[in-house]
Amino acid sequence: MDSYNAPESTPSASSRPEDYFIGATPLQKRLESVRKHSSFIPTPPRRKIPQCSQLQEDVDPQKVAFLLHKQWTLYSLTPLYKFSYSNLKEYSRLLNAFIVAEKQKGLAVEVGEDFNIKVIFSTLLGMKGAQRDPEAFLVQGLILSPRLEYSGTILVDCNLCLLGSSDPSTLAFQVAGTTGACHHTRILSKSQLPSENRQGKVLWTGWFCCIFGDSLLETVSEDFTCLPLFLANGAESNTAIIGTWFQKTFDCYFSPLAINAFNLSWMAAMWTACKMDHYVATTEFLWSVPCSPQSLDISFAIHPEDAKALWDSVHKTPGEVTQEEVDLFMDCLYSHFHRHFKIHLSATRLVRVSTSVASAHTDGKIKILCHKYLIGVLAYLTELAIFQIE
Amino acid sequence: MSVLRPLDKLPGLNTATILLVGTEDALLQQLADSMLKEDCASELKVHLAKSLPLPSSVNRPRIDLIVFVVNLHSKYSLQNTEESLRHVDASFFLGKVCFLATGAGRESHCSIHRHTVVKLAHTYQSPLLYCDLEVEGFRATMAQRLVRVLQICAGHVPGVSALNLLSLLKSSEGPSLEDL
């Protein structure tokens with residue numbers, strides 16, 4: 001990992017002289033602790049409650065509206081080598097060629113309609129926590145018009161002779177019914193209206209972002225762009241193809257980001273602590289009980305105002321969340337459940353947390369519901385992604 | 001008797017007794033079986049308990065080593081361990097208590113941070129061992145280790161005592177644990 005040696009050599013990374021002596025960056029602290037053979041504490045005991053930051057106001061709510069209410073699968077991504085924001089059109093072209101090549105190889109065979117995807121790269125302005133964070137960018141896969149098959153031409157010509165109908169539009173629909181959606185000719189595509197409506201529909205979306213990624217930004221050199229969080233929505237095979245292209249082109253590595261129960265309880269506490277004007281969803285927890293022969297699922301739904309009231313009674317330090325408060329909040333829920341049902345929820349595994357702000361599943365799936373706290377949610381996820389990379 | 005004391009009974013001849021305390025019955029049973037398979041010069045006795053205090057009605061031999069098994073997947077086992085620790089006499093902690101953390105292999109299932117268990121072991125000045133008790137190979141290795149530690153705690157190894165072993169194990173930990 002050559003990038004880790006960079007801070008000692010490049011003068012730009014070490015701006016403050018006391019960093020050398022105290023080892024203030026988390027990576028340097030960790031290297032020191034490894035040399036001393038002692039244990040390292042990866043998570044800080046305190047975290048900030050997500051607030052509406054000033055940068056949030058620059059983001060147009062309509063532009064990010066397509067990011068909300070969608071199920072995203074999370075991946076962590078190592079820094080991209082020699083990525084530049086000015087070459088986005090070039091990258092679109094290369095990725096399109098790669099996808100076409102992959103589809104022709106027949107490796108990503110999908111049963112059903114064979115759509116061609118056209119990929120567009122664009123930057124997402126304003127999706128950053130601090131000014132130092134690199135710009136987020138978005139990759140969208142749009143549907144192209146269906147491909148023209150040469151064998152279909154011959155077939156339709158024969159049918160034209162046979163049927164001999166005078167009305168071309170009805171003929172087109174009849175033939176489409178018999179030969180299947182893939183087979184079209186030039187004659188048909190002019191009159192067939194439904195395919196033009198489908199063109200441009202977004203089939204796959206993926207976006208890369210970095211929110212408050214200071215600990216990672218300090219350790220990498222100039223050639224690398226740090227965008228540790230990758231969110232994907234769409235077919236798994238497309239994610240795999242696009243991921244392979246990125247790994248080949250920028251020498252980076254994707255790995256799926258799983259969220260463990262400990263981090264889920266932190267998310268539950270932080271999102272309950274957010275001030276909301278009105279609640280759109282109930283606060284819901286899902287636990288999985290490991291028992292044979294099949295596992296049980298326990299779902300606990302709380303009215304969001306009650307959850308907020310419970311949090312307010314537990315919360316002591318303004319603006320910050322501590323480990324003790326999170327533990328106390330969860331213990332209150334566990335003891336309440338135990339009193340009524342005599343089941344120890346602390347012996348089970350927390351699998352899913354869903355609040356009005358966002359919902360997260362342990363497999364690394366997330367859905368953000370509130371645009372006000374979008375940056376806050378992403379900041380925590382970026383922290384988890386950076387932790388996984390390191 | 002609500003509090004376990006190390007020296008309130010006479011030792012049995014060539015007998016070493018270990019007490020495993022934990023909420024996961026299946027894992028404790030498997031560990032006990034692995035330990036009994038080990039060939040050892042002294043006679044081994046393995047007692048299993050869900051929590052302390054132990055019922056006083058049973059006639060049991062002197063306990064030489066207590067192992068608290070904490071499952072990192074469930075907070076309940078940690079709470080159970082903390083409550084059981086109150087029923088152990090202070091003189092037991094001179095090398096005759098050990099903590100075993102299981103389940104660290106599957107990071108996505110962990111609901112307790114590893115650091116919490118490290119702090120617990122440090123507070124009670126006792127060694128902390130990590131083992132994924134669900135994996136056969138690791139369990140056999142851990143059983144071997146525990147049998148050796150048990151023999152030392154029962155005094156069957158000449159020249160080494162439980163307190164000796166404790167100070168040997170502690171010196172490998174760095175001074176930065178004081179930062180906790």
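Treat the numbers as computed from the prediction; the structure is a model and nothing was measured. In what follows, chains are A, B, ... by sequence order, proteins preceding strands, each numbered from 1.
Counting heavy atoms of neighbouring residues, nucleotides and ligands inside a 6.0 Å radius, atom CG of Asp39(B) does not exceed 12 of them. Within 6.0 Å of atom CZ in Arg145(B), 12 or fewer heavy atoms from other residues, nucleotides or ligands are found, so the atom counts as exposed in its surroundings. The neighbour count for Phe254(A) CZ, taken as heavy atoms of other residues, nucleotides or ligands under 6.0 Å away, is above 12.
Side-chain atoms of Lys75(B) and Met330(A), non-hydrogen and from C-beta on, do get closer than 4.5 Å to each other. Counting only heavy atoms from C-beta outward, the side chains of Asp331(A) and Gln79(B) approach each other to under 4.5 Å.
Atom CZ in Phe262(A) sits 11.5 Å away from atom CZ in Arg114(B) (nearest 0.5 Å). In this structure, the separation between NE2 on His113(B) and CG on Asn260(A) is 8.0 Å, given to the nearest 0.5 Å. Atom NE2 of residue His344(A) and atom OG of residue Ser77(B) lie 12.0 Å apart, to the nearest 0.5 angstrom.
Heavy atoms of Leu345(A) lying under 4.5 Å from chain B are absent altogether. Looking at His73(B), the atoms closer than 4.5 Å to chain A (heavy atoms on both sides) all sit in the backbone: N, CA, C or O. For Thr348(A), the part sitting under 4.5 Å from any heavy atom of chain B is the backbone (N, CA, C, O) and nothing else.
Between Ser74(B) and Ala347(A), the shortest heavy-atom contact is CB-CA, 3.5 Å.
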